[in-house]
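Here the structure is laid out as structure tokens; the discussion comes afterwards.
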Amino acid sequence: MNNTFNVAQSLAENGIKVYPLSPGSKIPVASSHGEHDATDDLDTIKKWFDYNPNFNLAINLQASGLAVIDLDKHNNTTDGVKNYSKYLLNHGNNYMDSLKTYTELTPRGGVHIFYKLNHDLGNKDIQLMPGVELLTGKVVIAPSFIEKFSKGYIPQYQGYPTLTNDNVQSLPEWIVDLVKDAKQRTTNPNTAYENYQPGQKRWTGRLLDELVHGAPKGDRNNYLTQLTGKMFH
């Protein structure tokens, strides 16, 4: 079984910037600067775990040049795994090949699919479809799968390989196109849905998807304003 320090060391050797979390939690260490402390300096990481070998670990995606496709399941109402799978199957083998990259499970039946970020997509996470987000600005727990127990959360390494430069592919161009389409919907909600192409949902279907998915956290006012405009349109 891997331990957290070994994973942190392996990630750092691959230029992936990590930072410590309080033992048994997803919370940054007290008096630390959280994701701003993320580093791949091995001496610094060793000092952290010499101080407390029970620290949990997180990755700063943006600082590490990584992106993650985050597939979520929300209380049995939105199934990102199912939605993303259908999308890939509808678009053939070229899209299915995008799954040949490092992937981790999440505690509630979701999936984190890792890519090298080869485009400047900003640091704001983008909803691509219901239950499916591209994470570029967020951090993720390392590993993604941690289990809750009586005193908090502990990593579950399960003996699987750790994220390295060799087992993660570059972000596919078709995902970049999805990001651009999602940004267009946000910035120009009255016209973005009119550019229909075969294989895509039409304006009304995509609007209904947004209604079902609901407002992003902390963005309800903008969501309601945009939604009202789309419905009038």
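Position 1 is the first residue of the sequence; numbering continues from there. Values in this document were obtained by computation on a predicted structure and should not be read as measured data.
The aromatic rings of Phe114 and His112 sit perpendicular, their planes meeting at an angle over 60°, well past the 30° parallel limit.
Across all non-hydrogen atoms, the minimal contact from Ser32 to Pro28 is OG-CB, 3.9 Å. In this structure, Pro172 and Gln169 approach most closely via the heavy-atom pair CG-OE1, 4.0 Å. Closest non-hydrogen pair, Thr78 versus Gly131, comes out as CG2-N, 3.4 Å. Here the shortest heavy-atom pairing between Ala30 and Ser22 reads N-OG, 4.2 Å. In plain terms, the two heavy atoms of Gly15 and Asp40 that are nearest each other are CA-OD2, 3.6 Å. Closest approach of Tyr84 and Ile113 over heavy atoms only: CE2-CD1, 4.0 Å.
Distance CG/Leu128 to CG/Leu71: 9.5 Å, rounded to 0.5 Å. In this structure, OG1 in Thr4 is found 9.5 Å from CD1 in Ile154, a value given to the nearest 0.5 Å. Put simply, CG on Leu61 and CD1 on Ile16 are 9.5 Å apart, with the number rounded to the nearest 0.5 Å. Atom NZ of Lys17 sits about 12.0 Å away from atom CD of Gln62, to the nearest 0.5 Å. Put simply, OG1 on Thr136 and CG on Leu121 are 6.5 Å apart, with the number rounded to the nearest 0.5 Å. Note that NZ of Lys46 and CG of Asp43 are 8.5 Å apart. Values are rounded to the nearest 0.5 Å.
Side chain of Glu133 to main chain of Asp125: no donor-acceptor pair is present (N/O by atom type, distance under 3.5 Å, no hydrogens or angles). Between the Asn60 side chain and the Asp37 main chain, no donor and acceptor come within less than 3.5 Å of each other. Judged by distance alone, the side chain of Asn14 and the main-chain N or O of Asn165 form a donor-acceptor pair under 3.5 Å. A donor-acceptor distance shorter than 3.5 angstrom exists from the side chain of Ser85 to the backbone of Val81, with no hydrogens or angles considered.
Side-chain contact between Leu88 and Ser98 is present, with heavy atoms from C-beta onward closer than 4.5 Å. Contact of the Val7 side chain with the Val18 side chain is not registered, since no non-hydrogen atoms from C-beta on lie closer than 4.5 Å. In this structure the side chain of Tyr19 reaches within 4.5 angstrom of the side chain of Val139, judged on heavy atoms. The side-chain heavy atoms of Asn56 and Ser25, taken from C-beta on, include no pair separated by under 4.5 Å. Side-chain contact between Gln9 and Ile45 is absent, with no heavy-atom pair separated by less than 4.5 Å. In this structure, the side chains of Tyr153 and Leu21 stay at 4.5 Å or more apart for every pair of heavy atoms. Under the 4.5 Å side-chain criterion, counting only non-hydrogen atoms from C-beta, Leu163 is in contact with Leu66. Counting only heavy atoms from C-beta outward, the side chains of Lys138 and Val68 never approach each other to under 4.5 Å.
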Expected list for residues 102-110: side-chain donor-acceptor pairs under 3.5 angstrom, two or more places apart:
unit_1, atom_1, unit_2, atom_2, d
Tyr102, OH, Glu104, OE2, 2.6
Tyr102, OH, Pro161, O, 3.3
Thr103, OG1, Thr101, O, 3.1
Glu104, OE1, Ser144, N, 2.7
Glu104, OE1, Ser144, OG, 2.5
Thr106, OG1, Gly110, N, 3.0
Thr106, OG1, Gly110, O, 3.2

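In Asp41, the CG atom is crowded: over 12 heavy atoms of neighbouring residues, nucleotides or ligands sit closer than 6.0 Å. Open room surrounds CG on Asn93; 12 or fewer heavy atoms of other groups in view lie less than 6.0 Å from it. Taking a 6.0 Å sphere around NZ of Lys116, one finds it holds more than 12 heavy atoms contributed by other residues, nucleotides or ligands.
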Point to revise | Check against side-chain contact (heavy atoms from CB on, under 4.5 Å), Tyr87 and Val132 | key: CA-CA 11 Å; Tyr87 185 85; Val132 180; over 6 Å; no
Point to revise | Verdict with reasoning, Leu134 to Leu171, per side-chain contact (heavy atoms from CB on, under 4.5 Å) | key: CA-CA 10 Å; Leu134 180 71; Leu171 188 68; 4.2 Å; yes
Practice item. Please test Lys73 against Lys82 for side-chain contact (heavy atoms from CB on, under 4.5 Å), starting from the C-alpha separation and ending with a verdict. Key: CA-CA 9 Å; Lys73 292 185 178 181; Lys82 184 177 180 180; over 6 Å; no
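Phe49 and Leu42 fall into different hydrophobic clusters, where Ile, Leu, Val, Met, Phe, Trp and Tyr side chains are chained together by heavy-atom contacts under 4.5 Å. There is no path of hydrophobic side-chain contacts, each under 4.5 Å, that joins Ile27 to Phe145.
With ring centers used as reference points, Trp48 lies 6.0 Å or more from Phe55.
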